[in-house]
Amino acid sequence: MPELPEVETIKRILSKDVVGLTIKDVTVFYKRLIQTDYDEFVLNIKNKKILSLSRKGKYLIFHLSDDFALLVHFRMEGKFFHLKDLESNLNKHVSLYFTMDDGSYMIFNDVRKFGVMCLYKEEELPDCKPLKELGLEPWDIKGPEYLLEAYKHKGYMMKEALLDQSVISGLGNIYADEVLYRSKINPFMKAKDLNEEEAKKIIVNADEVLKEAIKAGGSTIRTYHPAQGVSGLMQVSLKAYGHEGKPCEECGARMEKRYVGGRGTTYCPRCQHVAPSIAITGKIAVGKSQVLEIFSSLGCYTASADEMVHSLYASESFLKLLKARFPFLFVDGKLDKGIVITKMGEDKKFRRGYETFIWSAVRDLINTFLINHTDKIAVVEVPLLFDAKMEDDFTFVVGVESDKQREYLEEREDHDVEKRLAINKRNSYDLNRKKLDYVIVNNGTRESLMSQVGTVFSSIYNAKANTCKKSH
DNA sequence: GCAACTGTTGCTTA
DNA sequence: CTAAGCAACAGTTG
């Protein structure tokens with residue numbers, strides 16, 4: 001779990017234990033851990049005394065005798081244990097251990113084996129590849145100009161910006177969310193649009209969050225050092241990370257989570273000025289598209305899951321993925337929809353797998369749409385919202401209902417009215433009806449529909465306009 | 001039992 | 001140059 005605060009804490013604990021000891025020998029179980037020349041590492045690390053420890057960003061540095069320096073990055077799960085007993089602590093997750101001159105051992109335990117070590121000469125250290133590009137730690141940033149300058153041409157989102165170690169070093173996924181939450185900044189806004197006020201807030205809050213965590217880490221991470229592995233996060237009070245679905249502690253709005261660059265991002269849509277998102281769902285031929293269209297006319301961004309599915313089937317890269325997963329659906333290199341339909345009917349397991357595959361692709365597209373449209377309300381029509389388990393991806397869910405489905409289908413000159421109505425039964429809309437935030441009943445005139453949509457819109461719009469109690 | 005998700009970073013590809 | 005996607009790996013959770 002090492003972000004900057006943990007590395008700092010490990011540094012403090014290990015400093016007390018190992019400074020003054022000499023590394024007599026090293027035993028490596030996972031060679032790729034060593035990023036600099038392996039033979040030189042093994043040769044040069046021996047008989048080096050540990051003079052001191054320091055930290056840069058998330059890197060831990062052992063300063064050794066003869067001007068050597070050992071650079072360690074823990075990545076996701078790396079841990080150091082300083083122990084007297086070796087045998088009982090060796091397991092398949094131990095990547096390496098050092099034998100110390102007092103008979104103790106320093107064991108590097110790394111379940112996922114992402115951790116890395118480098119051995120340099122001290123004079124190489126400032127210019128070595130890992131450290132060269134490292135940005136300032138929050139407390140070393142003199143003013144907002146530093147961030148404004150660094151982000152000036154960056155098209156990435158603020159969430160990505162805080163994870164960019166070449167600008168600010170030390171924040172990871174957890175604290176990046178915390179900093180944005182405390183600063184009340186939209187995680188999806190472009191870094192280049194950051195203003196001076198916001199930059200100031202980020203610097204102050206990053207400083208505070210990390211310092212608080214170091215403080216808390218010092219008391220709880222103690223268990224880190226003696227044998228047993230650490231479980232969970234430090235006891236610092238996190239208000240964003242892990243709070244998806246819970247009420248915001250500031251304003252009570254429901255905390256949401258979206259993915260940016262593969263990293264989960266939790267935020268308060270209201271405090272952090274992320275315009276609400278709305279899902280429109282309902283059975284076939286109840287007027288969902290009309291409702292979507294009305295939202296569009298009210299100035300909302302709109303999208304449709306059905307259209308996304310169509311675009312997927314038209315996309316070369318998607319078809320390639322589909323073929324890799326379900327090769328038997330392809331005849332002469334082309335997707336045979338007949339086979340898909342037949343198999344969907346007779347093979348339940350296939351149907352589940354196929355639907356999951358399509359829905360996860362659609363979900364990605366919806367996520368992309370949402371994170372790129374956070375300044376105004378975004379509305380997406382998702383007919384099978386509940387089947388695809390996407391209801392939690394939106395701030396609000398609006399159901400559209402009508403007892404005139406048959407009429408509407410007939411109006412569309414649909415040849416298979418009965419079949420359509422039968423398919424309808426698969427829609428788990430009824431089962432999930434209580435999850436709806438709003439219901440629009442489409443039984444009357446266009447005027448009635450417009451007025452209902454208008455009511456829903458203004459209710460949501462005004463909820464968004466609520467200001468937060470506190471601001472930093 | 002499988003699929004999705006997890007604290008990080010850097011390399012490859014377009 | 002940027003941007004995205006993936007790879008490295010193994011465990012936990014639904």
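Lettering of chains follows the sequences in order, A, B, ..., and the numbering in each one begins at 1.
Distance, A/Phe350 CZ to B/dA3 P: 14 Å, rounded to whole Å. Atom CZ in A/Arg258 sits about 16 Å away from atom P in B/dC5, given to the nearest Å. Residue A/Tyr175 contributes atom OH, which lies 16 Å from atom C1' of B/dT6 at whole-angstrom precision. The interatomic distance linking A/Asp164 (CG) with C/dT2 (P) rounds to 10 Å, in whole Å. Atom CD in A/Gln35 sits about 13 Å away from atom P in B/dT9, given to the nearest Å. Taking atom CZ of A/Phe74 as the reference point, atom P of C/dA8 lies 24 Å away to the nearest angstrom. Atom P of nucleotide B/dA4 and atom CG of A/Asp392 are separated by 17 Å, given to the nearest angstrom. Atom CD of A/Glu77 and atom C1' of C/dA8 are 13 Å apart (whole Å).
The phosphate of B/dA4 (OP1 or OP2) has no side-chain N or O of A/Lys389 nearer than 4.0 angstrom. At the phosphate of B/dA3, OP1 or OP2 sits under 4.0 Å from a side-chain N or O atom of A/Arg325. Contact between the side-chain N/O atoms of A/Lys58 and the OP1/OP2 oxygens of B/dT8 is found at a separation under 4.0 Å. For the OP1/OP2 pair of C/dA3 and a distance below 4.0 Å, the side-chain nitrogens and oxygens of A/Lys190 include no atom meeting the criterion. One finds no side-chain N or O of A/Lys113 lying less than 4.0 angstrom from the OP1 or OP2 phosphate oxygen of B/dT8. Checking the phosphate oxygens (OP1, OP2) of C/dC1, no side-chain nitrogen or oxygen of A/His153 falls inside 4.0 Å. The shortest distance between the side-chain N/O atoms of A/Gln165 and the OP1/OP2 oxygens of B/dT9 is below 4.0 Å. Applying the 4.0 Å criterion to OP1 and OP2 of B/dT6, one finds that A/Tyr259 has a side-chain N or O inside that range.
Scanning all heavy atoms of the two residues, the minimum distance from A/Cys128 to A/Tyr120 falls at CB-CZ, 3.4 Å. The heavy-atom pair separating A/Gly170 from A/Leu210 by the smallest distance is O-CD2, 4.2 Å.
At a cut-off of 3.5 angstrom, counting only N and O atoms as typed in the model, there is no donor on one side facing an acceptor on the other between the side-chain of A/Arg112 and the base of B/dT8.
A distance of about 13 Å separates the P atoms of B/dA4 and C/dC6, rounded to the whole Å. B/dG7 and C/dA3 have their C1' atoms separated by 24 Å, given to the nearest Å.
Using cut-offs of 30° and 60° for the angle between ring planes, the A/Tyr267 and A/Phe188 rings count as perpendicular. A tilted orientation is assigned to the rings of A/Phe318 and A/Phe357, their planes being inclined by 30° to 60°.
Lacking a ring centre under 5.5 Å from that of the base six-membered ring together with a plane angle below 30°, A/Tyr156 does not count as stacked on C/dA3.
Side chain of A/Arg75, nearest nucleotide from B/dG10, B/dC5, B/dT6: B/dG10. When the nucleotides B/dT6, C/dT2, B/dT9 are ranked by their closest atom to the side chain of A/Met76, B/dT6 comes out on top. Of the candidate nucleotides C/dC9, B/dT8, C/dG11, C/dG11 has the atom nearest to the side chain of A/His93. Comparing C/dC9, B/dC5, B/dG7 by their nearest atom to the side chain of A/Arg263 picks out B/dG7.
Within 4.0 Å of A/Gly353, counting heavy atoms only, lies no atom of the nucleic acid at all. Among the protein residues, A/Lys349 comes within range of no part of the nucleic acid, since none of its heavy atoms lies under 4.0 Å from any strand.
Judged by a 6.0 Å distance limit and a 45° cone about the ring axis, A/Lys337 is positioned over the six-membered ring of A/Tyr313. Stacking of A/Lys190 on the aromatic ring of A/Tyr156 is not recorded, the 6.0 Å distance cut-off and the 45° axial limit not both being met. Taking the ring centre of A/Phe328 as origin, the terminal cationic atom of A/Lys343 falls inside the region bounded by 6.0 Å and 45° from the ring axis.
Where A/Tyr30 and A/Gly261 each meet DNA chain C at their nearest nucleotide, the meeting point lying more 5' is that of A/Gly261.
Aromatic pair A/Tyr30/A/Phe108: ring centres not closer than 6.0 Å.
Between A/Arg182 and A/Glu212, at least one side-chain nitrogen of the basic residue sits less than 4.0 Å from a carboxylate oxygen of the acidic one, meeting the salt-bridge criterion.
Base pairing in DNA chain C gives the following stems of 3 or more Watson-Crick or G-U pairs, range against range and under 3.5 Å: B:2-6 with C:10-14, B:8-14 with C:2-8.
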